[in-house]
Amino acid sequence: MATMTSLIGLINKIQRACTVLGDHGGEGMSLWEALPTVAVVGGQSSGKSSVLESVVGRDFLPRGSGIVTRRPLVLQLHKTEDGKQEYAEFLHQPRKRFSDFAAVRQEISDETDRITGKTKAISNVPIQLSIYSPHVVNLTLIDLPGLTKVAVEGQSESIVQDIESMVRSYIEKPNCIILAISPANQDIATSDAIKIAREVDPSGERTFGVLTKLDLMDKGTNAVEVLEGRQYRLQHPWVGIVNRSQADINKNVDMIVARKKEREYFESSPEYGHLAHKMGAEYLARLLSQHLELVIRQKIPSIIALIKKAIDELNAELDRIGRPIAVDSGAKLYTILQMCRAFDKVFKEHLDGGRPGGDRIYGVFDHQLPAALKKLPFNRHLSVKNVERVVTEADGYQPHLIAPEQGYRRLIEGSIGYFKGPAEASVDAVHLILKELVRKSIAETELLWEMFKTFMVFKGWKSEGKIPFKEFFERSKKDSEELKRFPTLQADIAAAANDALERFREESRRTVIRMVDMESGYLTVEFFRKMHLEPEKNSDPKNPNRSTPNPSVDTHSDSHLSKIGSNVNGYINMVCDSLKHSIPKAVVHCQVREAKRSLLNQFYVQVGKREKDQLGALLDEDPALMEKRSQLAKRLELYKQAMDDIDSVAWK
C-alpha cells in the first residue's frame with residue numbers, strides 16, 4: 001500500500017512539472033486542476049498568513065497592509081528526518097537552497113513583483129515553493145490572495161472582482177479541498193471565506209473551517225458553538241487557532257515556541273479544554289495531510305483516466321501536425337521527394353478526371369475557341385469595299401488579266417492572320433487553368449498527406465467500429481486544411497511548377513502561331529480549282545472542258561467583288577475547320593502532356609544537387625507550428641512521466 005509520503009510526494013512532483021509547462025489551471029480542464037489540492041481562502045486580516053506560518057513552523061511570508069498575497073503561492077511541505085537542516089527551494093530557482101527564511105520572504109516579494117510589477121495588481125501565475133523540514137507534515141497548500149470588499153489607492157476598480165474570480169477558479173474545482181479561514185472576533189455569518197465556500201460547496205463536503213484569533217474575542221464570549229459545529233455545520237470538524245500576537249512577531253518569537261504556547265492556551269482554557277486535542281496548527285496540519293492523502297487515493301483512478309486520454313489526444317495531434325523530420329540529408333531528401341510525388345499524383349488526377357478541374361480544359365476547346373473563331377471580323381475584311389481596295393492595291397500599276405490572284409492571296413493571308421488571336425487565347429486559357437490546378441494540388445497534397453497520417457492513427461478505431469469513416473474523413477479534412485507545415489517547400493514546388501508551365505506556354509504559343517503561319521505560307525490550290533466560276537467564264541463549244549474569259553464581266557462590279565469575297569470566305573472556313581481541330585492538339589501536346597510528364601523535372605535536378613543545409617531550408621516550418629509541436633511534445637512527456645510515476649507508486 002502506498003504511504004502518505006509517496007502519494008502526496010507524487011502529486012507534488014506532477015504539480016511542479018505542470019507549473020514548469022505553464023499549466024496552472026484557470027483555462028478549462030488540465031492536469032493541474034485534476035490534482036487534489038488544498039486552497040487557503042480568507043479575507044484580508046483574517047489571520048491566513050499566520051495559520052500557514054504556524055503549519056510550517058517558520059516566519060516566511062511577506063507582511064504588510066492591503067493585499068500582500070498577489071499571486072497564488074503553491075506551498076509544498078516535505079517532512080525530513082529529525083536533525084536535518086531546514087531549507088526552502090523555489091521552482092523558478094531550482095538550484096538554489098534558502099536556509100534563511102527571511103530571504104524566502106524577500107524572494108516571494110521579488111518574484112511577485114517580477115510578474116505584477118511594483119503595483120498592487122494580481123496575477124494567477126503561481127509561485128512554487130517547497131519547504132523541507134522535520135517540523136512539518138507532508139502537505140501541499142495553495143495560499144490565495146485575501147478577499148477584499150473595497151479597492152484602495154493604487155488598485156484598479158475591478159480588484160475586488162478580480163480576486164474573487166481567481167479564488168473561485170481554484171475552489172470551484174471538485175478536487176479542491178477548501179481551507180476557509182475566519183477570525184473568531186467577527187460574526188461567522190459575515191465571514192468572506194465561509195460565504196464563498198458555501199457558494200461552491202453548499203454541502204460542506206470539501207470545506208474545512210478554521211477559526212483564528214480565539215484569544216482576541218471579547219471578554220465573556222467564546223466560539224464553542226462554532227467549533228462544535230452547532231452554529232455552522234460542515235462535514236469536517238472546525239479547528240481553532242491561536243495566532244502569534246503582534247508583539248511576538250515584533251520580537252521574532254520562534255514558531256516552535258509559539259506552537260507550545262498555543263497548546264498551553266487550549267489545554268488551560270475553561271471554554272476549549274475539552275476540545276484541546278482537536279485544536280491548534282499542528283493538529284490542523286495532520287488533519288489536512290491525512291485527508292489529502294485519502295482524497296488522492298480516491299482520485300488516482302480518474303487522474304489515470306485523464307492522463308491516458310490526454311496522451312492519446314496529444315499523440316493524435318502530433319501525428320496530425322507531423323512529427324519532427326530526421327536530421328540526416330537522406331531523410332530530408334526522401335521527405336521532399338515524397339511531397340513532390342504526392343503533389344504530382346494529385347495534379348495528374350485533376351487532369352485525368354479523378355479530381356475536378358481537368359474538364360475546364362476541354363471547355364476551352366469545345367466552347368471558348370469555337371466562340372472566338374465565330375467572332376472574327378471576316379465580314380468586314382471580306383466586304384465589297386475592302387475586297388476592291390485589296391485587289392486594286394495588289395494589282396499595282398498593272399491590273400490583273402484573268403483572275404486577281406495576288407488580291408486573293410492578300411485577302412487570304414489577311415484573313416488567316418486573324419486566327420492568331422484565338423489560338424494564343426486558347427494557349428493562355430489553358431495555362432491559367434493549369435496554374436490554378438497547381439495551386440489546388442499543393443493544397444490538396446498537404447490535405448492528402450495529413451489525412452493519410454491521421455488515418456493511420458485512427459484506423460484502429462475504424463476497424464473496431466468506434467468512429468465512422470465518414471466522420472473521420474470530415475474531421476481530418478477540417479483539421480488538415482488549417483495545416484501549413486512546409487511553407488518554403490510549398491512555395492518552391494509552386495514556383496518550379498509555374499516556371500515549367502511558363503516554358504510549356506511559350507512552346508505552345510510558338511507552335512500554334514507556326515501552324516497559322518503554315519496556312520498562310522502554302523495555300524490549298526485544289527480548293528480553288530474546284531470552285532464553281534460559271535458567272536465568270538464561257539464554255540468553248542468545241543471543248544466544253546476549256547473555260548475562256550467572259551469579256552462581258554465587269555471585274556470592278558460589286559457582284560464580281562462579292563464573288564471574290566465569297567470564294568475567300570469559303571477557303572477561310574475550310575482553314576478554320578482545320579485549325580479548330582489542330583490548335584487543341586497542339587495545346588494538349590505542348591502544355592497538358594508536358595505538364596503531366598515533366599512538370600517538376602528541373603526541380604528534381606536542382607534538389608538532387610543541394611547540400612544538407614539547403615535541404616533543411618526547404619523543410620523550414622512555420623515557427624508557430626514548430627513552437628506548437630514543441631509544447632505538445634513537452635506536455636506529452638509530462639503526461640508520460642506522470643503515468644510512470646503513478647505506476648511506480650503502489651497506491652492500491
Side-chain angles (χ1 to χ4, degrees), residues 336-373 419-451 477 480-516 580 582-607 618-620 622:
I336 293 171
L337 295 179
Q338 284 294 94
M339 289 289 287
C340 291
R341 293 188 187 103
F343 159 77
D344 206 38
K345 179 177 181 293
V346 174
F347 181 74
K348 290 177 181 177
E349 287 176 356
H350 275 295
L351 293 177
D352 294 336
R355 295 171 183 261
D359 55 310
R360 292 169 54 198
I361 295 176
Y362 175 72
V364 172
F365 303 145
D366 194 49
H367 302 293
Q368 182 175 323
L369 177 60
L373 293 174
F419 289 122
K420 292 182 179 180
E424 290 183 303
S426 297
V427 170
D428 292 338
V430 170
H431 176 74
L432 291 177
I433 293 172
L434 292 174
K435 284 188 68 174
E436 175 63 16
L437 293 183
V438 164
R439 187 192 64 78
K440 291 178 64 176
S441 298
I442 286 177
E444 292 170 9
T445 298
E446 191 173 42
L447 172 62
L448 182 66
W449 180 266
E450 299 308 323
M451 284 179 60
K477 181 177 179 182
S480 299
E481 282 173 346
E482 300 174 354
L483 181 65
K484 295 181 178 179
R485 186 173 183 190
F486 302 119
T488 302
L489 177 59
Q490 289 181 355
D492 280 16
I493 290 177
N498 288 328
D499 287 346
L501 292 180
E502 287 291 344
R503 295 194 303 273
F504 302 154
R505 175 167 68 170
E506 290 306 313
E507 179 60 28
S508 183
R509 179 181 284 114
R510 288 193 295 268
T511 299
V512 296
I513 295 301
R514 191 180 298 118
M515 292 171 62
V516 173
K580 188 164 60 176
S582 60
I583 288 174
K585 292 179 180 179
V587 170
V588 168
H589 180 81
C590 296
Q591 290 176 265
V592 180
R593 176 172 171 269
E594 285 303 307
K596 289 175 63 177
R597 290 178 58 186
S598 58
L599 185 62
L600 294 180
N601 279 10
Q602 288 196 10
F603 183 70
Y604 288 142
V605 173
Q606 294 171 2
V607 168
L618 281 179
L619 298 175
D620 185 19
D622 181 354

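Every heavy atom of this structure was used, including side-chain atoms; hydrogens, water molecules and symmetry mates were not.
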Distance col, row Cys590:SG vs Glu506:CD, nearest 0.5 angstrom, shows 11.5 Å
Start with the C-alpha distance between Asp344 and Lys348, add both sets of side-chain angles, then the distance that settles salt bridge (Lys or Arg N to Asp or Glu O under 4.0 Å), and finish with yes or no.
-> CA-CA 6 Å; Asp344 206 38; Lys348 290 177 181 177; 3.4 Å; yes
May I ask you to decide if Ile442's main-chain N or O and Gln490's side chain share a donor-acceptor pair within less than 3.5 Å?
-> no
For Tyr362, look at atom OH and say whether over 12 heavy atoms of other residues, nucleotides or ligands are found less than 6.0 Å away.
-> no
Would you check if Leu489 and Met339 make a side-chain contact, meaning some heavy-atom pair closer than 4.5 Å?
-> yes
How many angstroms lie between CD in Glu507 and CD in Glu594, if you round to the nearest 0.5 Å?
-> 8.5 Å
State, with a plain yes or no, whether a side-chain heavy atom of Val430 is found less than 4.5 Å away from one of Arg505.
-> no
Any Lys585 side-chain heavy atom under 4.5 Å of Phe365 side chain | no
Compare every heavy atom of His350 with every heavy atom of Ser441, then report the nearest pair and how far apart it is.
-> OG-CD2, 3.3 Å
Distance, nearest 0.5 Å, that separates CG of Leu432 from CZ of Arg360 = 8.5 Å
From Ile433, Ile493, Val346, Asn498, residue fulfilling side-chain contact (heavy atoms from CB on, under 4.5 Å) relative to Val438 | Asn498
To the nearest 0.5 Å, how far apart are CG in Leu437 and CD1 in Ile361?
-> 6.0 Å
Under 4.5 Å between any side-chain heavy atoms of Phe504 and Leu434, yes or no?
-> no
Closest approach of Met515 and Ala586, non-hydrogen atoms and distance?
-> SD-CB, 3.6 Å
Can you check whether Gly357's main-chain N or O pairs, donor with acceptor, with Asp359's side chain at less than 3.5 Å?
-> yes
Going from CZ on Phe419 to NZ on Lys580, what distance comes out if it is rounded to the nearest 0.5 angstrom?
-> 10.0 Å
Looking at Leu351 and Lys596, what are the two nearest heavy atoms and their distance?
-> CD1-CG, 3.3 Å
Output for pair (Ser508 OG, Glu424 CD), nearest 0.5 Å, gives 10.0 Å
Would you mind reporting whether Ser426 and Val512 have side-chain heavy atoms less than 4.5 Å apart?
-> no
Check the pair Arg439 / Glu436 against salt bridge (Lys or Arg N to Asp or Glu O under 4.0 Å), numbers first and verdict last.
-> CA-CA 5 Å; Arg439 187 192 64 78; Glu436 175 63 16; 2.6 Å; yes
Can you tell me if CD on Glu502 sees more than 12 non-hydrogen neighbours from other groups inside 6.0 Å?
-> yes
side-chain contact (heavy atoms from CB on, under 4.5 Å) evaluation trace for Val587 with Thr511 = CA-CA 8 Å; Val587 170; Thr511 299; over 6 Å; no
